[in-house]
Amino acid sequence: MEYNFKDIEKKWQEYWSVNKSFETTINKEKPKYYVLDMFPYPSGAGLHVGHPLGYIATDIYSRFKRLQGFNVLHPMGYDAFGLPAEQYAIQTGQHPAITTDINIKRYKEQLNKIGFSYDWSREFRTCDPEYYKWTQRVFIELFEHWYNTDTKKAEPISNLVKEFEINGNKQVHAACNETRIFTSSEWNTKTDDEKQTILLNYRLAYLADTMVNWCPKLGTVLANDEVKDGFSVRGGHPVEQKKMKQWSLRISAYAERLLNGLDTIDWSESIKEVQKNWIGRSEGAEMLFPVKGKDFSIEIFTTRPDTTWGVSFMVLAPENELVDKITTSEYKKAVKDYISETKKRSERERMADAKSVSGQFTGAYAVNPLTNQEIPVYISDYVLMGYGTGAIMAVPGHDSRDFKFARHFSLPIIQVVVKEDEQESNPATWSDSYDSKEGIMINSGFINGLLVTDAIEKTIQYIEEKGIGNRKVNYRLRDAIFSRQRYWGEPFPIYFKNGLPYTLPKDNLPLELPGVDAFLPTEKGEPPLARAKNWKTADGYPLELSTMPGFAGSSAYYLRYMDPKNPDELVSKESNQYWRNVDLYIGGTEHATGHLIYSRFWNKFLFDIGWVCEEEPFKKLINQGMIQGRSNFVYRIKNTNKFVSLNLKREYDTTPIHVDVNIVHNDILDIEAFRNWNPEYKNAEFILEDGKYICGHAVEKMSKSLYNVVNPDDVIEQYGADTLRMYEMFLGPLEMSKPWDTNGIDGVHKFLKKFWKLFHDESFNFNISEEKPEKVELKVLHKTIKKIQEDIERFSFNTSVSAFMICVNELNELKCNKRSILENLLVILSPFAPHITEELWVLCGHNGSIINAKLPVFDESYLKETNFEYPVSFNGKMRFKLELPLGILPKDAENAVLSNENSQKWLEGKQPKKIIFVPNKIINVVI
RNA sequence: GCGGAUGUGGCGUAAUUGGUAGCCGCGCUAGACUUAGGAUCUAGUGUCGUAAGACGUGGGGGUUCGAGUCCCUUCAUCCGCACCA
């Protein structure tokens with residue numbers, strides 16, 4: 001039979017499914033290996049050829065690990081809650097559950113056609129109540145815990161209450177919003193409502209007034225990672241800052257552990273770097289600047305307490321609560337005007353406008369606690385409320401933003417640092433601030449003459465002694481806003497009594513998403529859940545109206561796969577202790593600051609409360625590169641229906657038009673197909689070159705609107721899944737972005753046909769020989785075994801594909817059809833091309849599936865040679881090759897080279913100065 | 001502005017440790033078989049040159065017997081972050 005991939009692939013996909021070939025159970029006899037893909041959001045557009053790239057890589061790795069004798073967990077499911085389904089529901093009235101279900105069916109069909117080895121018995125979707133029950137349950141746990149910064153872990157709120165009852169909060173060191181100190185007797189006389197209000201400041205899931213990213217167009221609040229440059233990542237709608245009462249997760253409490261944990265995991269440097277920046281650790285000091293004539297101070301954070309002597313003014317963020325309290329009556333109006341002016345400008349405008357200086361004097365003065373000098377207090381939008389304390393001490397001499405501000409408002413500029421080999425200079429002559437990373441302190445009281453680093457230390461010690469401030473590590477990482485004013489998400493297991501939140505009893509979960517008459521906010525502007533009938537507890541208390549954000553469901557899904565049907569626990573102890581955490585995780589970089597940081601936080605919390613045994617969820621992470629589109633263009637001559645071929649277009653005034661890549665082959669346009677593509681082109685005329693219409697091309701995003709989308713279904717229809725799998729890998733290194741061009745696929749397809757032919761005679765009868773293999777044949781095999789094994793282990797799948805090609809080319813040349821060679825080859829190829837290898841495995845006479853075969857063992861002895869063909873160079877340039885015995889002595893090698901007739905020409909009669917002999921590498925003659 | 005990644009034939013790429021630059025594939029050229037070819041097979045294909053040979057890994061410089069690989073410098077593209085105090 002000829003290679004009939006259609007029948008073969010269908011047959012084996014059915015076989016795997018009927019025989020549940022990839023279902024996994026705990027097996028303590030075998031070592032475990034957990035391979036995970038970032039589960040997809042099932043969009044209406046289906047998969048394009050870029051999506052399965054990572055899935056193919058993990059599948060190859062899973063199948064390979066299985067052959068190596070590991071018990072492999074390789075599950076798949078769906079991130080099913082989300083905005084697009086809801087937006088679609090708003091437009092069409094169709095319930096998002098229905099659209100989601102349809103999309104998932106389509107996804108699964110597409111995935112199955114590629115021949116993945118998923119254990120589908122573990123599949124779930126985040127919108128299953130049986131799954132989101134656990135999302136809600138973890139939320140309750142977060143609500144019931146606080147973060148103790150002494151023990152550096154989450155502890156039950158009940159412990160905290162006990163401590164309050166005995167000692168008040170004096171000795172409690174918590175990550176919290178509450179700073180007021182109370183005694184035990186004060187606590188004990190508080191009402192329940194007052195106590196709840198205080199506790200809310202400590203909980204890891206808390207409700208508080210926060211500045212949030214409000215997206216009016218989406219009608220919801222967004223997390224920081226869902227906003228980019230002042231626009232929503234999903235949809236690109238403008239986002240504004242607004243103060244709202246929202247649920248937040250106290251991820252900032254875990255900042256330090258999230259940062260340190262990065263050192264323990266095998267992730268790419270670049271993604272660790274992104275997380276480090278996102279967490280944004282900086283060391284410095286917190287300091288109090290008393291406000292003149294008031295009984296309170298302005299608190300600032302600085303990384304450079306040593307420059308306090310250079311402070312000549314202060315700046316507050318316009319949103320800072322103190323602004324109102326300090327502004328003198330004389331400046332009230334001007335300050336109010338400035339604030340409303342900044343509010344009007346979107347975040348994006350503020351950023352685009354970063355160079356221009358704006359600000360307003362408040363009329364207030366603060367006292368520099370180290371110099372006792374009075375300094376004016378300004379407000380300006382270059383100080384952000386979201387970082388530090390929303391207030392700065394300005395050091396114009398050594399900070400370029402402060403410098404510009406000082407120049408603009410004619411404020412004094414003081415130099416306090418000078419480089420070791422330089423002299424103090426007059427700041428009036430400067431055009432920018434003076435770099436102060438290194439140097440010696442001047443004009444700075446008791447730290448004069450000290451090096452910057454020592455000066456920082458000494459200043460901190462001083463301010464701590466005097467009670468002016470203290471050492472402080474500051475993180476950029478903000479708490480994650482956890483409420484969404486949307487319908488299609490997990491409902492919060494929360495009800496309200498006297499306006500205060502309480503959790504539902506744990507055995508009442510899941511709290512299922514109710515039906516609504518429309519997926520829109522109410523007229524009063526409440527979230528869609530306000531439309532639900534009877535959205536209250538049995539006792540009549542109202543339930544929370546917001547739902548959880550997209551990252552809620554994906555924060556612990558990898559744990560649920562370990563034990564997906566468990567009704568009593570998110571994951572059983574036994575399952576968790578066996579599977580532990582994900583050994584290999586592959587997905588896109590776009591989740592660097594979202595999912596990958598939230599799930600690490602979530603996992604650390606579950607670790608603290610003893611639900612899981614590993615502190616990090618994903619041991620090794622690989623980010624696959626993006627598959628870009630390769631667009632094709634035709635060139636229409638302006639104001640005509642005439643199209644000119646690429647290399648002739650210079651002579652005309654043309655407009656490039658995207659053309660569907662599926663009707664272009666090797667950049668040659670299928671003119672008939674083009675005419676039928678769009679009625680507009682029915683009567684199009686063409687100016688051809690060599691009788692062909694050549695299209696232009698460009699690498700762009702793969703997108704419907706650019707007509708460069710390639711659907712894996714079409715590729716499989718034409719070439720088969722094994723070809724698709726291997727071609728996706730053949731394109732280039734996994735981590736690199738690269739354009740998809742279906743035209744190269746023939747080479748891979750030809751390879752599989754050639755491979756099939758090795759097992760067949762000319763008339764396609766199955767025909768393998770039982771003869772003993774020759775030495776050369778064994779060498780080809782073992783060279784390949786070695787290469788493939790090494791390549792897979794370093795995730796270099798593109799080079800393995802080419803190694804397979806080389807191997808088949810060589811066996812072809814040798815006309816080798818020996819069982820002992822080919823069967824081994826089948827096994828190592830099976831992770832890449834599972835269908836064809838299953839079929840040939842059975843044809844070879846085996847019962848059952850190749851997935852249970854043993855990986856062939858590489859035997860070095862077959863690669864041993866007696867001679868080595870040395871490249872002989874003269875002055876580093878390779879001139880000829882010379883075969884010499886392996887163990888040859890340097891002296892003998894030198895003689896062999898010099899006496900070789902080829903050398904005479906290159907020596908030009910001269911004596912060589914030196915001969916470099918590197919055994920089994922090279923010989924270089926230096927003249 | 002800061003940080004990261006990447007620059008190698010017409011194209012996707014290879015060269016794992018400083019040791020033969022261009023493996024494998026696409027495309028292209030020529031030929032064979034064919035009614036036909038978007039099939040199959042054979043040969044060729046970095047650039048210049050008839051050749052011998054010279055030149056060649058974004059550019060410039062350096063270390064070395066020897067550099068795509070190491071060092072310095074510079075340019076380009078892509079991706080993150082960005083008034084972060």
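Lettering follows sequence order; numbering is per chain, from 1.
A cation-pi arrangement is present between A:Arg476 and A:Trp278 under the rule of less than 6.0 angstrom and at most 45 degrees off the ring axis.
A salt bridge does not link A:Arg471 to A:Glu286: none of the charged side-chain nitrogens sits closer than 4.0 Å to a carboxylate oxygen. Ion pair A:Arg630/A:Asp667 flagged as a salt bridge, since at least one NZ, NE, NH1 or NH2 atom sits closer than 4.0 Å to an Asp/Glu carboxylate oxygen. A salt bridge is absent between A:Glu860 and A:Lys786: the closest approach of a Lys/Arg side-chain nitrogen to an acidic carboxylate oxygen does not fall below 4.0 angstrom.
Remark: A:Lys921, A:Ile922, A:Asn924, A:Val926 in residues 919-927 of chain A come within less than 4.0 Å of RNA chain B through at least one heavy atom. Within residues 797-810 of chain A, the residues approaching RNA chain B are A:Asn798, A:Thr799, A:Ser802, A:Met805, A:Ile806, A:Asn809, by heavy-atom distance under 4.0 Å.
By the 30° and 60° cut-offs, the orientation of the rings of A:Phe797 relative to A:Phe795 is perpendicular.
Here the separation of B:rG22 from B:rG12, taken at their C1' atoms, is 13 Å to the nearest Å. Nucleotides B:rC70 and B:rA85 place their C1' atoms 39 Å apart, quoted to the nearest Å. Taking atom P on both B:rC28 and B:rG37, the two are 14 Å apart, rounded to the nearest angstrom. Between B:rU20 and B:rG10, the two P atoms lie 23 Å apart (nearest whole Å).
Between the side chain of A:Asn875 and the backbone N or O of A:Ile927, at least one donor-acceptor pair lies under 3.5 Å.
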